[in-house]
Structures are given as C-alpha cells and as structure tokens.
Student: 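Starting off with a structure, shown below.
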Protein chains: 2
Amino acid sequence: MEKIISIIEAKSCPIHFVLAVNDTLNVISGKWKLPIIGSLLFDKRRFTEIQRNIPKITPRMLSKELKDLELNGMVIRKVFDTTPVSVEYELSDSGKSIADVLDKMLEWGIKHRESTISRS
Amino acid sequence: MEKIISIIEAKSCPIHFVLAVNDTLNVISGKWKLPIIGSLLFDKRRFTEIQRNIPKITPRMLSKELKDLELNGMVIRKVFDTTPVSVEYELSDSGKSIADVLDKMLEWGIKHRESTISRS
DNA sequence: TATAGCGGTATACTTTGGTATATCGCGGAT
DNA sequence: ATCCGCGATATACCAAAGTATACCGCTATA
C-alpha cells in the first residue's frame, strides 16, 4: 500500500523521480557491474569462476565491485568452512529481481538502435 | 518480427545481453543525463530554461551532455530563425519512450531500498 | 621442496569525467 | 553607449574511476 503510494509520488515529482532512478543507476553503473551481475544471474559462482567468466577484469576490480554489490544488498558472499575456505557469490532475491529491469533496458536499447539506424 | 527474434536472442546470450543493456546504460549514464532527460520529459525546453531547471550544472556540461544526447538520437535540437536565433531541445520519440524504462528502474530502486532497509 | 590454485591486497600509475572561471557574438532594452 | 539575456565555447584544473604489476597466506598435488 505504502509502497505503491511512494512509487506514485516518486513518479509524479521530478526531483524524487531523478533521485529514485539514480539509486538504481548507481547500483549497476561502472564498467564491470553488468558483466558481474550477468555472470551471477545464471548461477552462483566463486571468485575465480567469475574472473574466468570475465577475462579482462583484474582481481582488484573484481574484488572492489563485489564489495560494492554486497554493500548495496545485491550480492551475498558465503564463506564455507572447508580447508582452505571457499567463497561463493550469489545474487540476493532483490538482486535477482533486477533481471526484469535489465530486460526492459535491453529491449529499449535494441529498439532505439533500430530507430536511430533507420534515421541515418 | 526480426525485432522480436533479435531481442530473444540477445536475452539468451550472456555476451549480447550485457552488450545490449550496456547500450542503454551508456545513454543515461553521467552525472547530468537523468536531470536533463527528466527536464525534457515534461516539455521541450530552451538551453537557458534547462540551465535554470538544473541549478548546479555549468553551461559547459549542459552543452556537452546535450550534444551527447543528440548524437545518441535521444534529443532533437531545433534552431528557429528568429532574431536572434532561438534554440529548442526536445526528446525524440525514441527518447520519450525511455520513460517506461526509467519507471521500471524507479520501481525496482524503491522496492530494493525497502528490502535492504528491512534486512538491516 | 617446488609448483599451482584459491581468494584476494598493495602500490603506483593513467585515463576519463566533471569543475571553475572567463569570454564570445548577437540583438534588444535603458 | 552600456548593460542584459541568449546560446554557447576556451582554458585550466581537480577528482573519480580504472589499469598494471606485484605480492600475500593458505593448502593440495607432483
């Protein structure tokens, strides 16, 4: 209830509109966020698996971006008490739900590309 | 027809998925893109109007970002043959249609914020 | 004992993005 | 004549984002 009201409010107020969209934007912007999220959308993965999945990323960036995503509540880091310890990264429920948003972005991107190509 | 196939294809291939979403992301990322698009979503505006709408933007950045958006096919720049010339910026049809995407982002952003606040 | 894989961190550097401040040509109003 | 608003551009600078390269402690395997 309150959720819906605040969404409606945010959509109708230019300032809140920009702020709320920006929140989402901040979660997924940066050179490596999408590749990482993309990798985790299919399955949970370990650090080195993600690294192999995204050949050009350095461990420094992967580490930093995973921390960002964890802080944002996108990713859950699970440490297993094996010897040596193993670590798994997976998307939170909220993280998984961003797939719908990304789908919309993909669709718009492809349509937009077509509409601008046909103009040129 | 072909459109739908390529969207389906893009969604099913991790590499194309990331690339296509990134296309959209590139159009709206940067500190001032959303405020500018937000301003133009409500109505077409002149340079100085946008500037007044976004108090802290410098003319240098406004000029640069408007050029970017124009190049991307988001914004149409119309020069009127008045004396002195007046210039109007408005969203293209494709540009206007990004509102749906932004709405989705807004909704996700608000829900995500609630779900991560309630966890903490 | 040496080597390789895991899950990273440390330091230094370059590149990109954004800011600050000043200025421009034009024309209309005072 | 002078100042103001419009629609910008030029130059210099600063900060954030990303890269390159080396290394760490741990353990299993050869």
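By convention in this document, chain letters (A, B, ...) are assigned in the order of the sequence lines, proteins followed by strands, and residues within each chain are numbered from 1.
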Student: OP1 or OP2 of D:dA8 sitting under 4.0 Å from any side-chain N/O of B:K64?
Tutor: no
Student: Return the nearest nucleotide to the side chain of A:F47; candidates are C:dG7, C:dT19, D:dG18.
Tutor: C:dG7
Student: For C:dG8 and A:Y89 - does any side-chain N or O of the residue sit under 4.0 Å from the phosphate oxygens OP1/OP2?
Tutor: yes
Student: Side-chain N or O of B:R46 less than 4.0 angstrom from OP1 or OP2 on D:dA8?
Tutor: no
Student: Less than 4.5 Å apart, any side-chain heavy atom of A:F17 and any of B:L41?
Tutor: yes
Student: Check whether any side-chain N or O of A:K33 sits under 4.0 Å from OP1 or OP2 of D:dA17, and answer yes or no.
Tutor: no
Student: Taking 4.0 Å as the cut-off, does a side-chain nitrogen or oxygen of A:K67 come that near to OP1 or OP2 on C:dT9?
Tutor: yes
Student: Rounding to a whole Å, what distance do you find between B:E88:CD and D:dA8:C1'?
Tutor: 17 Å
Student: For A:P59, answer base if it contacts any base atom (sugar-phosphate contacts may also be present), sugar-phosphate if it contacts only those atoms, and nothing otherwise; contact means non-hydrogen atoms under 4.0 Å.
Tutor: base
Student: Can you tell if the side chain of A:I36 reaches within under 4.5 Å of the side chain of A:L62, non-hydrogen atoms only?
Tutor: yes
Student: Going by heavy atoms in the side chains, are A:I37 and A:L102 under 4.5 Å from each other?
Tutor: yes
Student: Let me check something: do B:L19 and B:I28 share a hydrophobic cluster, defined by ILVMFWY side-chain heavy atoms less than 4.5 Å apart, either directly or through other members?
Tutor: no
Student: Using side-chain heavy atoms (C-beta onward) and a distance below 4.5 Å, is A:L66 in contact with A:R77?
Tutor: no
Student: If you check every side-chain atom of A:R77, which of C:dG8, C:dG18, D:dA8 has the closest atom?
Tutor: C:dG8
Student: A:S63 side chain N/O closer than 4.0 Å to the phosphate oxygens (OP1, OP2) of C:dT9?
Tutor: yes
Student: If you check every side-chain atom of A:P84, which of D:dT27, D:dC6, C:dT19 has the closest atom?
Tutor: D:dT27
Student: Can a side chain N or O of B:T83 be found less than 4.0 Å away from OP1 or OP2 on C:dC26?
Tutor: no
Student: Does the distance from a Lys or Arg side-chain N to an Asp or Glu carboxylate O, for A:D68 and A:K64, drop under 4.0 Å?
Tutor: yes
Student: Roughly how many Å is it from CZ in A:R45 to P in C:dC6, rounded to a whole number?
Tutor: 14 Å
Student: Would you mind telling me which of C:dG18, C:dC6, D:dA8 lies closest to the side-chain atoms of A:T48?
Tutor: C:dC6
Student: Expressed in angstrom and rounded to an integer, what is the separation of A:F80 atom CZ from C:dG8 atom P?
Tutor: 13 Å
Student: What integer distance in Å separates A:E65:CD from C:dG8:P?
Tutor: 14 Å
Student: Tell me what A:K56 touches on the nucleic acid: a base, only sugar-phosphate, or nothing, going by heavy atoms under 4.0 Å.
Tutor: nothing
Student: Give the rounded distance in Å between these two atoms: CZ of A:R52 and P of C:dA4.
Tutor: 16 Å
Student: Rounded to whole angstrom units, what separation is found between the CD atom of A:Q51 and the P atom of D:dT19?
Tutor: 13 Å
Student: Taking CG from A:L62 and C1' from D:dA20, how many angstroms apart are they, rounded to a whole number?
Tutor: 16 Å
Student: To the nearest Å, give me how far apart CG (B:D68) and P (C:dT16) are.
Tutor: 14 Å
Student: Of the candidate nucleotides D:dG7, C:dT11, D:dA8, which contains the atom at the shortest distance from the side chain of A:R60?
Tutor: C:dT11
